[in-house]
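So the structure is just underneath, and the comments pick up after that.
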Amino acid sequence: MNIITELLGTKYPVIQGGMANIADHRLASAVSNAGGLGLIGAGGWDVDKVRSEIKLCKELTDKPFGVNIMLMSPHAEKISDMVIEEGIKIITTGAGNPGIYIDKWKNAGIKVIPVVPSVSLAKRVQRVGADAVIVEGTEAGGHVGELTTFTLVPQVVDAISIPVIAAGGIADSRGVDASFMLGASGIQIGTVLLASIECPVHENYKNKIVKSKDTDTVVTGRSTGAPVRVLKNKMSREYLRMTKEKNVPLEEMEKLTLGSLRKAVFDGDMDYGSVMAGQVAGLVKEIRSVKAILDDLFLKSKVYSGELK
Ligand code: TUI
């Protein structure tokens, strides 16, 4: 049996990305029911909203699901206690070092799987008790680190002894095979799930993913310390123009991005919304059910099907 399916209690060794404002009970339950690990993405929501999403998800699936805690969120600490009360069994974290929470979660019997952008953070979280790590390359959508999946995964595999899950740039069975060849035992996917029937983003968002090509993403916010990969549009172009100009106040730049993810997700504003997506968007050609996406990833994977023999 695969070490990740054993850890997660899933059919396939795949975790859904924690996509803030997007990964609600509808997407999480669809992924869990299709054999992956669905996640409620807590980023962007307060503790009451995340609790109610967890309760709704419990009604829609009897399969395991988890919560992704975005550590830059002002609500992260309250959410870190609430997930214990709600009996959540698996937590992934992003956008920071989860060190201060790990003991508490481990004592509650929770499996902890941090997203790491570097070998040094992978080693640190292993030392404080993480059960596995998600190694996310800069190809990914949303908040990203500097290194690519192709270079970072094998370096982390060599540096730690807990299982590694590859993320960033995976949308088909070739990505699954490549991840396994680099030494990962599982994968995390985000962008390909944005183009799923069950994903609750606006239809315009899904169609923009399907229409995008290889060079259509760009990273905003590098200069302000919060690099975020989005699809190019009027907002990202204006933002990058401002970062090149000297003396544009930070508040003016923040005005342009504040609430802009919601604009894309809920209003379908593809001009001024923040349309977070990974570089693999160019490989996503159609909107399919979550089950079709997951079956396609693993049933066509040469390495994974070999592993099962
Ligand atoms: O977290 C993500 N992706 C995200 S979070 C998000 S919401 C947001 N929106 C605007 C600005 C910032 C956040 C949208 N997409 N992926 C996981 C991830 N974690 N990528 C990079 C990291 C990361 C970065 C630094 C993890 C740990 C880290 O540690 C630094 C340290 O303290 O050592």
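Order of listing sets the numbers, starting from 1, for every ligand and every atom in it.
Salt bridge Asp177/Arg174: absent, no basic N to carboxylate O contact under 4.0 Å. Under 4.0 Å is where a charged nitrogen must lie from a carboxylate oxygen, and between Glu139 and Arg229 no such pair does. A salt bridge does not link Lys291 with Glu198: every distance from a Lys NZ or Arg NE/NH1/NH2 to an Asp or Glu carboxylate oxygen is 4.0 Å or more. A salt bridge links Arg241 with Glu245: the distance from a Lys NZ or Arg NE/NH1/NH2 to an Asp or Glu carboxylate oxygen falls below 4.0 Å.
A donor-acceptor pair under 3.5 Å links the side-chain atoms of Thr191 to the main chain of Gly278, judged by distance alone. The backbone N or O of Gly36 lies less than 3.5 Å from no partner atom in the side chain of Lys63, so there is not a single donor-acceptor pair.
At under 3.5 Å, a nitrogen or oxygen of Ala95, whether backbone or side chain, sits near a nitrogen or oxygen of ligand 1.
Here the heavy atom of the protein found nearest to atom 29 (O) of ligand 1 is Leu121 CD2, 3.5 Å. Nearest protein neighbour of atom 9 (N) of ligand 1, counting heavy atoms only, is Met276 CE, 3.9 Å. Nearest protein heavy-atom neighbour of atom 30 (C) of ligand 1: Gly96 CA, 4.4 Å. Counting only heavy atoms of the protein, atom 24 (C) of ligand 1 lies nearest to Pro117 CG, 3.6 Å.
Under the 4.5 Å side-chain criterion, counting only non-hydrogen atoms from C-beta, Trp105 is in contact with Val83.
Within ligand 1, the atoms closer than 4.0 Å to a non-hydrogen atom of Val115 are 17 (C), 18 (C), 19 (N), 26 (C), numbered from 1 in the order shown. The atoms of ligand 1 that sit less than 4.0 Å from any heavy atom of Val228 are 10 (C), 11 (C). In summary, the atoms of ligand 1 found under 4.0 Å from a heavy atom of Glu136, numbered by their order in the structure, are 16 (N), 17 (C), 18 (C), 20 (N). Counting the atoms of ligand 1 from 1 in the order shown, those under 4.0 Å from a heavy atom of Gly142 are 14 (C), 15 (N).
Side-chain contact of Asn2 with Tyr12: a donor-acceptor pair under 3.5 Å is absent, judged by distance alone.
Contact between Val116 and ligand 1 is absent, with no heavy atom of the residue lying under 4.0 Å from the ligand.
Scanning Met70, Met19, Met72 for the heavy atom closest to atom 12 (C) of ligand 1 points to Met72. In this structure, of His143, Glu146, Gln188, Arg124, the residue bringing a heavy atom nearest to atom 21 (C) of ligand 1 is His143.
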